[in-house]
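Read the structure below first, then the notes.
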Amino acid sequence: MSTQKHFPYVNNKMFAEKVDLSNIAHHVGTPFYCYSNTAIRQNFQAYEHAFSSQDTLICYAVKANGNQAVLSTLAKIGSGADVVSMGEILRARAAGIPAEKIVYSGVAKAEVEIEYALNEGIFQFNVESEPELELISQVAKRLDKVAAIAIRINPDVCANTHAKISTGKSENKFGVPISKARLAYKQAASLPNIKVQGVDVHIGSQLTELAPFQEAYQRIAQLIVELRSDGHDISVVDIGGGLGITYLDESIPSKQAYADVAQAQLSHLGCKIVIEPGRSLLGNAGVLVSSVVFVKTGEERQFLILDVGMNDLVRPSMYDAYHEILAVDNSSTELKTYDVVGPVCETGDTFAKARTVKESKSGDLIAIMSCGAYGAVMSSTYNTRMLAPEVMVKENEFAIIRQRPSYEAVINADNVPSWV
Ligand SMILES: *Cc1c(COP(=O)(O)O)cnc(C)c1O
């Protein structure tokens with residue numbers, strides 16, 4: 001059973017919308033990423049509907065999947081972008097996302113990046129520290145521009161998620177501690193060419209409960225009241241991203257339930273709400289399709305060795321992430337328990353241990369599910385493996401949205417100095 005409704009089995013063959021995945025594999029080879037255009041749009045529209053009673057800007061977190069076809073899909077239906085680098089601003093702009101719908105997060109914005117963002121005229125800088133505030137002010141003054149800012153507040157709540165994707169505890173590097181917030185806003189208001197307009201919070205990723213959001217938003221609402229009494233004109237509250245998806249059997253609150261919690265805490269303030277979802281728009285809109293290279297019998301276990309590796313999908317080795325692993329052809333009735341591994345020369349190149357999958361043989365197609373977010377964007381060419389191509393499907397059409405590079409292109413990217 002797939003947890004992703006846009007990747008159904010039809011007569012025991014896994015489809016992406018109305019396209020047979022084995023047909024795509026035949027055209028592009030394996031491994032490849034495959035995204036459902038309809039899933040992306042429906043996820044966006046679910047947020048839009050959930051927040052429809054309120055002035056809300058949905059800024060897709062580009063880092064989850066920055067492919068231009070993905071960004072264009074979202075741009076066409078009105079999405080803004082949450083970016084964390086100049087490269088992501090360039091991507092968002094190239095896909096047609098207007099500058100006035102871009103918010104810029106990140107702890108280490110460089111001077112050239114700030115300059116570029118100011119010249120583009122982005123909606124808001126989400127400032128993560130006092131030194132960053134000073135740098136933005138200096139650059140804005142030099143350019144004779146005004147930088148609209150929110151300060152990212154670290155509310156010191158526990159997001160109950162994996163340590164590597166938790167950001168809202170006081171020990172994390174992100175944002176300004178809530179205890180120092182009023183002082184930071186005072187400093188911001190005193191700096192030239194800075195317009196204080198908002199408050200920003202993002203407590204982590206793959207959250208499966210609403211309580212941490214509720215606690216964070218309650219603290220932020222209280223802070224906004226205090227900041228207003230200090231004389232700051234706060235008209236924007238950016239509540240971050242972080243709503244999780246189902247990878248295994250997690251029951252995730254609906255986007256509506258999430259919106260209800262946010263609005264219950266924040267509506268009375270009359271602010272424009274900005275949300276920055278990434279994973280919850282893309283995660284379950286994509287799969288990673290690979291082929292079985294060998295089935296190897298070890299002393300104690302059977303290995304299912306795939307042609308996809310940790311260089312293509314790093315989440316299992318980096319975050320101990322669980323991904324469902326399914327046979328693309330579901331017709332076999334035999335189940336087997338395998339360690340599912342990749343070809344990379346690292347023990348960490350393991351997708352699952354002791355996982356029960358349909359009995360498979362060399363050449364069979366295997367789908368790794370829920371790979372639309374933090375998949376292709378985190379891939380590398382480690383072991384001189386070519387980046388997996390990306391494919392987008394819409395109903396009965398599919399298109400390659402990023403090609404597999406040639407070996408030649410990858411090797412020729414290196415330069416050998418004459419003195420070697
Ligand atoms: C990563 C990130 C997001 C998106 O998080 P998801 O869990 O993918 O929704 C939003 N805002 C900021 C500041 C981020 O760093």
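Atoms within each ligand, like the ligands themselves, are counted from 1 in listed order. Below, all heavy atoms of this structure are taken into account, side chains as well, without hydrogens, waters or symmetry copies. These numbers were taken from a predicted model, which means no experiment stands behind them.
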Task: Closest approach of any protein heavy atom to atom 13 (C) of ligand 1, naming residue and atom - done: E276 OE1, 3.5 Å

Open item on the list: To check your reading of the model: name the closest protein heavy atom to atom 2 (C) of ligand 1, its residue, and the distance in Å.
Closed with: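 Closest protein heavy atom to atom 2 (C) of ligand 1: K63 NZ, 2.2 Å.
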
TODO: Return yes when A64 approaches ligand 1 closer than 4.0 angstrom through a heavy atom, no otherwise.
DONE: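 Flag not set, A64 not near ligand 1.
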
Task: Nearest neighbour of atom 4 (C) of ligand 1 from the list A61, G175, G283, on a heavy-atom basis - done: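 Among A61, G175, G283, the closest heavy atom to atom 4 (C) of ligand 1 comes from A61.
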
Do [X] and ligand 1 have an N or O pair less than 3.5 Å apart?
X	value
G242	yes
P277	no
S105	no

- [ ] For ligand 1, note which part of D82 has a heavy atom under 4.0 Å away: side chain, backbone, both or neither.
- [x]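 The answer is the side chain of D82.
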
Open item on the list: Can a donor-acceptor pair be found, under 3.5 Å and without considering hydrogens, that links the side chain of D349 to the backbone of G309?
Closed with: no

Open item on the list: Using modelled atom types and a 3.5 Å cut-off, is there a donor and acceptor pairing between side-chain atoms of N383 and backbone atoms of R385?
Closed with: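 No.
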
Under 4.0 Å from any heavy atom of [X], which atoms of ligand 1 are there?
X	result
R152	13 (C)
G241	9 (O), 10 (C)
R279	6 (P), 8 (O), 9 (O)
Y374	1 (C), 4 (C), 5 (O), 6 (P), 8 (O)
S205	6 (P), 7 (O), 8 (O)

Open item on the list: Working to the nearest 0.5 angstrom, can you tell me the gap between K76 NZ and L71 CG?
Closed with: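 Taking NZ in K76 and CG in L71, the distance rounds to 11.5 Å.
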
Open item on the list: Just checking F398 against H27, ring centres under 6.0 Å apart?
Closed with: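 Ring centroids of F398 and H27 are less than 6.0 Å from each other.
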
- [ ] Please check if any side-chain donor atom of T30 sits under 3.5 Å from a side-chain acceptor atom of S290, or the reverse.
- [x]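 No donor-acceptor contact under 3.5 Å links the two side chains.
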
TODO: Using distance alone, with no hydrogens and no angle criterion, decide if Q187 and E134 have a side-chain donor and acceptor under 3.5 Å apart.
DONE: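 There is such a pair between these side chains.
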
Task: side chain to side chain contact (heavy atoms under 4.5 Å, CB included) partner of F125, chosen from L133, D200, I136 - done: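 In the set L133, D200, I136, the residue that makes a side chain to side chain contact (heavy atoms under 4.5 Å, CB included) with F125 is I136.
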
Open item on the list: Less than 6.0 angstrom from the centroid, inside 45 degrees of the normal: does K101 satisfy that with respect to the ring of F123?
Closed with: no

- [ ] Could you check E132, R152, E276, H202 and say which one makes a side-chain hydrogen bond (donor to acceptor under 3.5 Å, both in side chains) with N126?
- [x]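 Of E132, R152, E276, H202, side-chain hydrogen bond (donor to acceptor under 3.5 Å, both in side chains) with N126 is met by E276 alone.
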
